[in-house]
Protein chains: 2
Amino acid sequence: MTASARPGRGASVQTVYAQLRQAIVELALPPGSPLDEVRLSQQFVMSRTPIREALVRLAANGLDITLPNRSTIVSPIDFERMPVYFEALSLMYRVSTRGAAIRHEAGDLEKIRAHQAAYAEAVETRDVSAMIGTNRDFHVTIAEAAGNPYFTAFFARLLDEGRRLLRLYYYQPVEDHLPRRYVDEHEAMVSAIEKGNAELCDELGAAHATQIVRRIQDYIARDMTSAMRLGPARRPRPRHSHSR
Amino acid sequence: MTASARPGRGASVQTVYAQLRQAIVELALPPGSPLDEVRLSQQFVMSRTPIREALVRLAANGLDITLPNRSTIVSPIDFERMPVYFEALSLMYRVSTRGAAIRHEAGDLEKIRAHQAAYAEAVETRDVSAMIGTNRDFHVTIAEAAGNPYFTAFFARLLDEGRRLLRLYYYQPVEDHLPRRYVDEHEAMVSAIEKGNAELCDELGAAHATQIVRRIQDYIARDMTSAMRLGPARRPRPRHSHSR
DNA sequence: TGTGTGCAATCTGTCGACAATTTGCGCGCA
DNA sequence: TGCGCGCAAATTGTCGACAGATTGCACACA
């Protein structure tokens with residue numbers, strides 16, 4: 001989030017956009033926190049104009065919300081939306097994997113396998129940040145192999161929003177056998193794509209999504225029970241107060 | 001596209017955005033035409049700043065493309081993308097109609113029927129512009145009834161992009177029996193939604209999309225044969241030169 | 001006459017400043 | 001002490017201007 005070397009003409013907006021995006025999806029900027037234009041124009045050493053443009057582009061991707069005549073804020077995580085979020089995610093898992101099975105071309109599998117290897121390594125080294133990032137890249141690359149830019153863009157947007165959820169819940173207890181299970185599921189997907197088995201890909205995508213949903217439900221449930229043990233007077237989890 | 005009454009603080013951007021969007025989807029601004037900031041700031045009577053912000057937001061919705069250090073242009077229609085476009089559109093027809101069958105609530109059907117009636121009237125009066133607009137509203141309202149904002153936003157974006165295609169091909173010969181057929185198909189969809197028959201909705205959505213694809217394919221084929229009759233020396237359709 | 005170079009016009013990217021709106025605080029009043 | 005009003009600070013929306021980049025034209029040259 002700190003200012004780096006001053007970029008050339010035209011690159012300022014992209015710099016700000018990329019850095020803010022990174023900070024948002026990695027929760028360095030927590031949901032609901034204000035994005036003050038003057039403060040940002042001081043942190044990055046530039047005028048408010050490119051800052052504003054970056055904020056508008058972030059808003060278009062759903063990463064922040066512009067309150068008219070008030071400060072724009074990092075998009076809150078609306079937990080009520082989680083069911084429909086996973087509905088969308090599940091469908092895109094299925095569609096992208098299925099499409100990749102049917103339409104993947106020479107070289108696609110190599111790229112997919114490369115991301116898969118990176119993910120497996122992140123699991124081995126227990127690098128949570130790398131796990132989340134490489135997992136996203138893995139699925140985006142599959143979507144690209146499916147050759148439908150409309151789906152790819154939509155899926156990438158969903159996955160980015162999902163990275164924030166994953167940071168909150170998914171990989172919290174790193175001492176866990178489940179990430180390895182996902183490595184296996186990914187392997188099965190790659191294998192099915194290579195064989196061109198669309199139906200199997202569809203099933204694997206749906207199962208993968210189901211797995212993730214159940215996983216997060218478990219964490220939320222554990223979360224609430226552990227919070228309840230603290231007594232009824234305290235709010236369940238103050239950290240979630242920014243949702244809405 | 002002309003300047004209207006000067007709006008208040010904060011409304012300028014929305015005004016420019018809405019007007020440009022309208023002009024683009026209705027092909028008043030043809031694909032590939034440049035969106036000059038200074039010219040626009042003269043047409044609307046305001047500074048370049050709100051113009052730029054509107055252009056950025058349009059770019060985020062895929063309606064224009066910003067060429068660095070050059071003028072931004074209205075997004076070209078890439079005819080090579082049409083197959084994958086219809087793949088995406090077809091899926092969203094199915095998902096939104098299916099979802100509406102399962103999750104529609106009180107009052108949703110009334111809104112859907114209102115749009116359907118407006119569409120039917122547009123067909124009767126042979127108002128092409130109204131047909132395209134009401135058709136979009138009809139499907140967006142179904143998507144809203146399905147209650148998944150992720151799908152709704154994606155679908156709306158696809159339908160807006162589709163409005164340009166429709167203007168180019170779909171409703172060109174107004175003397176046609178097919179629009180009435182779509183009225184019937186819409187009726188069937190509403191009925192299936194009301195009954196909560198998700199599987200039937202899925203099939204109707206897929207059939208609706210297939211119908212539209214075949215229709216446009218017919219027009220393109222007719223287009224090319226009629227162009228070929230002009231002789232081999234002339235390019236098939238100069239109007240398509242802006243694609244890519 | 002065709003081609004390469006250089007200049008001028010045009011347009012975008014960025015900046016600093018002003019105006020309008022919102023927000024928070026302090027004050028008066030019951 | 002609690003509540004409402006009004007002012008001041010802070011922040012956004014908009015503006016005009018300057019600098020850098022690109023494009024097109026004119027001109028020189030072969």
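Each chain gets a letter, A, B and so on, in the order its sequence line appears, and its residues count up from 1. Just so you know, these numbers use all the heavy atoms, side chains as well, and skip hydrogens, waters and symmetry mates.
Between A/I73 atom CD1 and C/dT22 atom P there is a gap of 17 Å when expressed in whole angstrom units. Taking atom CD on B/Q42 and atom C1' on C/dT10, their separation rounds to 12 Å, with Å as the unit. Counting to the nearest Å, the P atom of C/dG16 and the CD1 atom of A/I51 are 12 Å from each other. Between the CD atom of B/E53 and the P atom of C/dG13 there is a distance of 15 Å, given to the nearest Å. Rounded to whole angstrom, the span from the CE atom of A/M46 across to the P atom of D/dC18 amounts to 22 Å.
Applying the side-chain hydrogen bond (donor to acceptor under 3.5 Å, both in side chains) criterion to B/Q22, with sequence neighbours excluded, gives B/E26. Here A/N69 pairs with B/R9 under the side chain to side chain contact (heavy atoms under 4.5 Å, CB included) rule; sequence neighbours left out. By the salt bridge (Lys or Arg N to Asp or Glu O under 4.0 Å) test, B/E121 is found to be paired with no residue, residues two or more places apart in sequence or in another chain being considered. Applying the side chain to side chain contact (heavy atoms under 4.5 Å, CB included) test to A/A118 and every residue at least two apart in sequence or in another chain returns A/T134. Under the side-chain hydrogen bond (donor to acceptor under 3.5 Å, both in side chains) criterion, A/R157 pairs with no residue, sequence neighbours left out.
Closest heavy-atom contact between A/P31 and A/P76: CB-CA, 3.8 Å.
Over its full length, the helix from C/dT1-D/dA30 to C/dA30-D/dT1 turns its helical axis through 0°, comparing axes from the five pairs at each end and rounding to 10°.
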Item checked: Letter per nucleotide, 5' to 3', of nucleotides 5-12 of chain D [B base touched, S only sugar-phosphate touched, - untouched; heavy atoms, 4.0 Å] -> ------SB
Without placing hydrogens or testing angles, list every side-chain donor-acceptor pair under 3.5 Å for residues 141-154 of chain B, not counting sequence neighbours.
{"unit_1": "B/T141", "atom_1": "OG1", "unit_2": "B/H115", "atom_2": "NE2", "d": "3.2"}
{"unit_1": "B/T141", "atom_1": "OG1", "unit_2": "B/D137", "atom_2": "O", "d": "2.7"}
{"unit_1": "B/N148", "atom_1": "OD1", "unit_2": "B/Y150", "atom_2": "N", "d": "3.0"}
{"unit_1": "B/N148", "atom_1": "OD1", "unit_2": "B/F151", "atom_2": "N", "d": "3.4"}
{"unit_1": "B/N148", "atom_1": "ND2", "unit_2": "A/V84", "atom_2": "O", "d": "3.0"}
{"unit_1": "B/N148", "atom_1": "ND2", "unit_2": "A/E87", "atom_2": "OE1", "d": "2.7"}
{"unit_1": "B/Y150", "atom_1": "OH", "unit_2": "A/E161", "atom_2": "OE2", "d": "2.7"}
{"unit_1": "B/T152", "atom_1": "OG1", "unit_2": "B/A143", "atom_2": "O", "d": "3.4"}
{"unit_1": "B/T152", "atom_1": "OG1", "unit_2": "B/N148", "atom_2": "O", "d": "3.0"}

Indicate every side-chain donor-acceptor pair of residues 50-66 of chain B with a distance under 3.5 Å to a residue at least two apart or in another chain.
{"unit_1": "B/R52", "atom_1": "NH1", "unit_2": "B/E37", "atom_2": "OE2", "d": "3.0"}
{"unit_1": "B/R52", "atom_1": "NH2", "unit_2": "A/E53", "atom_2": "OE1", "d": "3.1"}
{"unit_1": "B/E53", "atom_1": "OE1", "unit_2": "A/R52", "atom_2": "NH2", "d": "3.2"}
{"unit_1": "B/N61", "atom_1": "ND2", "unit_2": "B/Y17", "atom_2": "OH", "d": "2.6"}
{"unit_1": "B/D64", "atom_1": "OD1", "unit_2": "B/A59", "atom_2": "N", "d": "3.2"}

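The side chain of A/S12 places no N or O atom within less than 4.0 Å of a non-bridging phosphate oxygen (OP1 or OP2) of C/dG13.
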